[in-house]
Amino acid sequence: MLLITRKSGESVRIAESALVAGKVIPAAPARRRGPAASYEELARVSARAWRPVESERLGDWELRAASGFTRRANSVLPLGDPGVSLDEALGAVRRWYGERGLPAYVQTATGAEGTQELLCAELEQRGWVREVTAGLWVGPLAPVADLAEASGVVLSREADEAWLARYQRKGVSEVALRVLGAGPSVWFATVPGSAEAAAPAAVGRCVVDGRWAGFAAVEVDPELRRQGLGTAVMAALARRALDEGASAAWLQVEADNEGARALYAGMGFAAHHAYHHYREPDDRDSGR
């Protein structure tokens, strides 16, 4: 049998006798949309924008934990060689997260040059379960800044109680605030609501890191959607990022969120690669 891994990271098995022909795939052509970037550069930039409370190195892998607040802050980022065999590395990963009362997750990527299709296949072969797939998209920053006027958008270095009232994540604890506030240069945007409203009309977060501006947590009051508030939030944050010297933008969007994907495509963003979170196998279910 042959194990074939598609660009999406999905693995399929075929009989060797069914293989008629194969060829070497050349290096990916230069991107024609948005800023050029390697997978490793974007992986490191996005990791710096969403820092865990605790981390530890295992060779070139980074084990990250933040009391369970988001998978991104509670998963392994495997960039390079762990310094031991894969089975030893995964055993160490499971022990490390088990000591913290957390399930073990490994974050992988597929679909671009230098991504981790082989690691995805190895994890699936060992029973690790893919739970989430999302895309990391990139685009030029200046056009985002030109999308809307910044009037009515308030920028701050901290997420105040009003901002948090609109943020949709569950369990916003002290740990969550530490994750949200960490990064090279973090900005929070708020569009105030009416005097009667319990939360702002819209919020957003941006982390400026060198040439990159990363957007996240863009939330709009459901009753006020399709009025350009989310676009105004991103435009205001983009202007601030341009002032700090950034020129390129990135964001993450889940694979099944068609509305957001269409919105970001209209802003000039395009998919760079997909990333996945693999959860450790449940030994009780597997019979081990």
Side-chain angles (χ1 to χ4, degrees), residues 45-55 64-75 100-102 132 134 141 144-145 147-209 212-244 246 249-254 257 259-260 263-264 267:
V45 166
S46 59
R48 288 195 294 268
W50 202 260
R51 294 300 304 148
V53 172
E54 179 185 7
S55 66
R64 306 172 295 183
S67 299
F69 176 70
T70 72
R71 290 181 181 83
R72 282 179 287 165
N74 293 272
S75 58
R100 289 152 180 81
L102 297 170
V132 175
L141 182 62
V144 179
L147 288 171
E149 295 294 329
S151 59
V153 182
V154 180
L155 299 184
S156 173
R157 283 295 197 180
E158 296 181 354
D160 59 16
E161 290 185 6
W163 192 97
L164 293 170
R166 175 56 59 199
Y167 185 53
Q168 296 297 306
R169 286 280 183 182
K170 295 181 180 179
V172 179
S173 62
E174 188 63 32
V175 168
L177 291 175
R178 289 175 64 182
V179 175
L180 287 166
S185 179
V186 184
W187 289 98
F188 298 92
T190 303
V191 178
S194 65
E196 298 79 18
V203 297
R205 176 180 182 267
C206 180
V207 178
V208 185
D209 185 355
W212 291 101
F215 295 91
V218 178
E219 302 279 359
V220 178
D221 184 336
E223 296 184 0
L224 299 174
R225 288 175 181 168
R226 302 187 184 279
Q227 297 183 25
L229 295 179
T231 300
V233 163
M234 291 185 64
L237 291 168
R239 288 189 182 92
R240 182 52 58 94
L242 287 171
D243 290 342
E244 294 191 10
W250 65 270
L251 51 78
Q252 293 162 319
V253 56
E254 291 194 4
N257 192 339
L263 174 66
Y264 296 139
M267 291 181 175

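Below, each value reflects all heavy atoms present in this structure, side chains not excepted, and no hydrogens, waters or symmetry copies. The structure displayed is predicted, hence computed values, not measured ones.
Both the sub-6.0 Å distance and the 45° axial angle are satisfied by Arg157 relative to the ring of Trp187.
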inquiry  = Let's go through Phe69 and Trp50 carefully: what are the C-alpha distance in whole Å and the side-chain angles of both, what is the deciding distance for side chain to side chain contact (heavy atoms under 4.5 Å, CB included) to 0.1 Å, and is it a yes or a no?
reply    = CA-CA 11 Å; Phe69 176 70; Trp50 202 260; 3.9 Å; yes
message = If you apply the rule side chain to side chain contact (heavy atoms under 4.5 Å, CB included), what do you find for Val191 with Val203, and how did you get there?
response = CA-CA 6 Å; Val191 178; Val203 297; over 6 Å; no
query = Taking it one step at a time, do Val207 and Trp212 satisfy side chain to side chain contact (heavy atoms under 4.5 Å, CB included)?
reply = CA-CA 8 Å; Val207 178; Trp212 291 101; over 6 Å; no
task = For side chain to side chain contact (heavy atoms under 4.5 Å, CB included), just list the numbers for Met234 and Leu147, CA-CA rounded to whole Å, side-chain angles, deciding distance to a tenth of an Å, and then say yes or no.
result = CA-CA 9 Å; Met234 291 185 64; Leu147 288 171; over 6 Å; no
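To the nearest 0.5 Å, the span separating CD on Gln227 from CG on Asp221 amounts to 9.0 Å. Expressed to the nearest 0.5 Å, how far CG of Leu141 lies from CE of Met267 amounts to 12.0 Å. Going from atom OG1 of Thr190 over to atom CG of Leu155 covers 8.5 Å, rounded to the nearest 0.5 Å. Between the CZ atom of Arg226 and the OG1 atom of Thr231 there is a distance of 11.5 Å, given to the nearest 0.5 Å. Note that the CZ atom of Arg240 and the CG atom of Leu237 stand 9.0 Å from one another [nearest 0.5 Å]. The structure places CZ of Arg239 at 13.0 Å from SG of Cys206, a figure rounded to the nearest 0.5 Å.
Side chain of Asn257 to main chain of Val253: no donor-acceptor pair is present (N/O by atom type, distance under 3.5 Å, no hydrogens or angles). Counting only distance, with no hydrogens or angles, the side chain of Ser156 and the backbone of Glu158 share a donor-acceptor pair below 3.5 Å. The closest donor-acceptor contact from the side chain of Arg205 to the backbone of Ala217 lies at 3.5 Å or more, if one exists at all. Judged purely by atom type and a 3.5 angstrom limit, Asn74 has no side-chain atom pairing as donor or acceptor with the backbone of Ala65.
Between Phe188 and Trp163, the ring planes lie perpendicular to each other; the angle is over 60°, past the 30° to 60° tilted range.
Residue Val208 comes nearest to Pro184 through the heavy atom pair O-CB, 3.4 Å, listed as atom of the first residue, atom of the second, then distance. Taking each heavy atom of Pro200 and Arg166 in turn, the nearest pair found is O-NE, 2.7 Å. The two residues Arg225 and Val220 make their nearest non-hydrogen contact at NE-O, 3.4 Å. The two residues Ala213 and Ala241 have their closest heavy-atom pair at CB-CB, 3.6 Å. Residue Ala66 comes nearest to Val179 through the heavy atom pair CB-CG2, 3.9 Å, listed as atom of the first residue, atom of the second, then distance. A pairwise comparison of heavy atoms in Pro52 and Ala73 identifies CB-O, 3.6 Å as the closest pair.
No donor-acceptor contact under 3.5 angstrom links the side chains of Trp250 and Ser46, judged on distance only.
Sparse packing is recorded around CZ of Arg178, with 12 or fewer heavy atoms of other residues, nucleotides or ligands lying under 6.0 Å away.
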